[in-house]
Structure formats: structure tokens, C-alpha cells
Participant: 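To start, I am sharing the structure in question, which I have written as C-alpha cells.
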Amino acid sequence: MDRERRGALVAGGVLAAAAFAGTLLLAVTDSHTAPYIAANEYARMLRQLTAVMPADGYDNDPVGDARVFRDPDLLGIPGPVQVYRARRQGRPVAVAFTVVAPDGYGGPIRLMVGITAAGVISGVRVLHHRETPGLGDDIELRHSDWIESFRGTARGAPPDGDWKVKRDGGVFDQFTGATVTPRAVVGAVHRALMFFHRHRDRLWHDPPPPADPTGEPS
């Protein structure tokens, strides 16, 4: 074998070894970091749920007690949505889920809405938005307590026709110089209540497992 061919084989071997070592390092790193990533994601979700549900009112883990629903018309989300369920001694206490207002001034506004088993809103928080700083960002609790105006409301209280900002003949305040943003949020929260009532009978019950096509017991 000539020197040039030997050199090519050696170089190829070195590259293969380096690629293998890199792959192995990535696999080891992933195996060590995955639990931390999962823990951080769990903590993030728990903070979001605690902000909109009565923290001392349940004794289960709502992050782990969830069911998937699809209702793009009311939730503004085309895909599946996790509905997180809080219970106390097995009895329903509240649910929380994401709803999107597609008609924000700066684009879609993503909200987390908590609703008690009695159908009363226990809290609303903004998860993501691109509204104008100093105007539309008053939907954030750190800028204004406006978002707290939904706490204690329910379907029919106020009546459906009053779920508007005052400029549109409703009961909710708008912001000085900004009406589009609060109008979008009010509409989304109202649709969240409508979703709750549409699916109320199924929120707390998991569907039965699919039947085994072979007829064998699962």
C-alpha cells in the first residue's frame, strides 16, 4: 500500500473516531441534562398554574393530572390543549388551560386561565404577547392590576352581552390610548368560560382506553 493511501486511511479513521467520540459526548451530556430540563419545565408550569388556581385549595399534582382537548374555535389553538386539573381528596376543585386571543394589536396573545369547578374564574395571566410597551402591556400584572378584574367573574356574571370593554358597551375597562389589546383579552377569557361550559361534563373524566382489536384483554 502506498504512502498516500495509508495517509487517507489514517485520516479517515481519525475522522470516524472523532465523530464517534462527539456522538458519545452528546449522548452522555443529554442523559445528564435531560432530568434538569424536565425539572425546570415542571417548575415553570407549576408556577403558571399556581398563579391562576387557588394554591391551598387542592392536594394533587395538577401538572401530572391533565387531559387533552381540542376546540380551536373557542381556544384559538388549532392543535391539542392540555387542561390541568386540581382536586382535593379526589374531588374537582379547578382547571387551568391555555387560550389564545388571535386579535391582539401586536399579534396573538397567549393566556393561562383558571376556572373553579363551580365555573368561576380564579385567575388569568398573560404568558406571551407583543403588545406596545407602555400601552398594551398593561395586560401584564407587573404593569397593572387590570388582569385581576376577571377574578370572580363567571358565565352570566356579567351576562354574555356585557363581556366587552366599556367603549363597546361592556363592563371591562380599556386602557388610555389602547382599546384593541384589552378587547382581545376580554374576548379570549369569555371564550375560555364558554369552553369550560361546553366540555364541563367531560373535564374531570378520562376517556376509556381504546378496545383491543384482537379482542384480548388489555
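Just so it is clear, the values below take in all heavy atoms, side chains as well, and ignore hydrogens, waters and symmetry mates.
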Participant: Verify, without hydrogens or angle tests, whether Asp168 (side chain) and Gly170 (backbone) share a donor-acceptor contact under 3.5 angstrom.
Facilitator: no
Participant: Are the aromatic ring centres of Phe97 and Phe196 under 6.0 angstrom apart?
Facilitator: no
Participant: When you check the side-chain N and O atoms of His199 and Asp71, is any donor under 3.5 Å from an acceptor?
Facilitator: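 On atom types as modelled, these side chains qualify, holding a pair under 3.5 Å.
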Participant: Gln48 versus Leu127: any side-chain heavy-atom pair under 4.5 Å?
Facilitator: yes
Participant: Just do the side chain to side chain contact (heavy atoms under 4.5 Å, CB included) check on Arg183 and Lys164 with the steps written out, would you?
Facilitator: CA-CA 6 Å; Arg183 179 186 290 144; Lys164 307 171 186 175; over 6 Å; no
Participant: So which heavy atom on His129 is nearest to which on Glu131, and how close?
Facilitator: ND1-N, 2.9 Å
Participant: Should the ring pair Trp146 and Phe175 be called parallel, tilted or perpendicular, given that the plane angle runs from 0 to 90° and is split at 30 and 60?
Facilitator: perpendicular
Participant: Just verifying a value: how many Å separate Thr176 OG1 and Asp138 CG, rounded to the nearest 0.5 Å?
Facilitator: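 One finds 8.5 Å between OG1 of Thr176 and CG of Asp138.
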Participant: So which atom in Ala184 and which in Ala101 form the shortest heavy-atom distance, rounded to 0.1 Å?
Facilitator: O-CB, 3.4 Å
Participant: With the 4.5 Å side-chain cut-off for hydrophobic clustering, are Leu141 and Val186 part of the same group?
Facilitator: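 Leu141 and Val186: one cluster.
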Participant: Using modelled atom types only, decide if a donor and an acceptor are shared between the side chain of Thr116 and the backbone of Ala94 within a distance under 3.5 Å.
Facilitator: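 Flag not set: sc Thr116 to bb Ala94 has no pair under 3.5 Å.
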Participant: Could you go step by step and tell me if Val189 and Val99 meet the side chain to side chain contact (heavy atoms under 4.5 Å, CB included) rule?
Facilitator: CA-CA 8 Å; Val189 175; Val99 60; 5.8 Å; no
Participant: Report yes if the side chains of Thr98 and Leu111 come closer than 4.5 Å at any heavy-atom pair, otherwise no.
Facilitator: no
Participant: Indicate if Ile115 and Leu203 have the same hydrophobic cluster label, given that clusters are the connected sets of ILVMFWY residues with side-chain heavy-atom separations under 4.5 angstrom.
Facilitator: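 Ile115 clusters together with Leu203.
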Participant: Taking the basic N atoms (NZ, or NE/NH1/NH2) and the acidic carboxylate oxygens, is any pair closer than 4.0 Å for Lys166 and Asp173?
Facilitator: yes
Participant: Determine whether Pro54 and Val93 make a side-chain contact, defined as any pair of heavy atoms from C-beta on separated by less than 4.5 Å.
Facilitator: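 Yes, close enough: below the 4.5 Å cut-off.
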Participant: List the atom of Val100, the atom of Pro108, and the distance in Å for their closest heavy-atom pair.
Facilitator: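 Shortest heavy-atom contact: CG1-CB, 3.9 Å.
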Participant: Quick check: is Leu75 connected to Val95 through a chain of hydrophobic side chains (ILVMFWY, heavy atoms under 4.5 Å apart)?
Facilitator: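 As far as the 4.5 Å side-chain criterion goes, Leu75 and Val95 are connected within one cluster.
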Participant: Within this structure, what is the CG-CG distance for the pair Leu74 and Leu193, rounded to the nearest 0.5 Å?
Facilitator: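 It is 10.5 Å, given to the nearest 0.5 Å.
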Participant: Please round to the nearest 0.5 Å and tell me the distance separating atom CD1 of Ile139 and atom OG1 of Thr181.
Facilitator: 6.0 Å
Participant: Where do Val185 and Ile147 land on the side chain to side chain contact (heavy atoms under 4.5 Å, CB included) test, with the steps shown first?
Facilitator: CA-CA 9 Å; Val185 173; Ile147 200 74; 4.2 Å; yes
Participant: Are any non-hydrogen side-chain atoms of Arg110 and Val126 less than 4.5 angstrom apart?
Facilitator: no
Participant: For atom CZ of Arg200, is the number of surrounding heavy atoms from other residues, nucleotides or ligands below 6.0 Å larger than 12?
Facilitator: yes
Participant: Would you say Val52 and Val124 make side-chain contact, with heavy atoms under 4.5 Å?
Facilitator: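 Not in contact.
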Participant: Answer with yes or no whether the hydrophobic clustering places Val180 together with Ile109; edges join I, L, V, M, F, W, Y residues whose side-chain heavy atoms lie under 4.5 Å apart.
Facilitator: no
Participant: Look at Arg151 together with Asp145 and state whether they make a salt bridge at an N to O cut-off of under 4.0 Å.
Facilitator: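 No.
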Participant: Side chains of His190 and Arg155: closer than 4.5 Å at any heavy-atom pair?
Facilitator: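 In contact.
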Participant: Does some side-chain heavy atom of Val165 sit less than 4.5 Å from a side-chain heavy atom of Thr179?
Facilitator: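 Result yes, sub-4.5 Å side-chain heavy-atom pair found.
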Participant: Check whether more than 12 heavy atoms from other residues, nucleotides or ligands sit under 6.0 Å from atom CZ of Phe69, and answer yes or no.
Facilitator: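 Result for CZ/Phe69: enclosed.
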Participant: Using a 4.5 Å cut-off on heavy atoms from C-beta on, say whether the side chain of Thr153 contacts that of Val120.
Facilitator: no
Participant: Are Met112 and Phe195 linked, directly or through intermediate hydrophobic residues, by side-chain heavy-atom contacts shorter than 4.5 Å (ILVMFWY only)?
Facilitator: no
Participant: Using the rule given for side chain to side chain contact (heavy atoms under 4.5 Å, CB included), can you reason through Arg67 versus Arg202, listing the C-alpha separation, both sets of side-chain angles and the distance that settles it, and then say yes or no?
Facilitator: CA-CA 10 Å; Arg67 181 181 170 186; Arg202 300 191 296 126; 3.3 Å; yes
Participant: Can you give me the closest heavy-atom contact between Asp137 and Pro133, atom names plus distance?
Facilitator: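 What the structure gives for the nearest pair is OD2-CA, 3.3 Å.
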Participant: Can you name the nearest heavy-atom pair linking Arg85 to Asp206, along with the distance?
Facilitator: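 Heavy-atom minimum between the residues: NH2-OD1, 2.8 Å.
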Participant: Where is the tightest heavy-atom contact between Leu135 and Ala178, given as atom of each residue plus distance?
Facilitator: CB-CB, 4.1 Å
Participant: Ring pair (Phe, Tyr, Trp, His ring centres under 6.0 Å) between Phe150 and Phe172: does it pass, once the steps are laid out?
Facilitator: CA-CA 9 Å; Phe150 296 106; Phe172 294 94; 5.1 Å; yes
Participant: Within this structure, what is the CD-CG distance for the pair Gln89 and Asn60, rounded to the nearest 0.5 Å?
Facilitator: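 Separation between the atoms: 11.5 Å.
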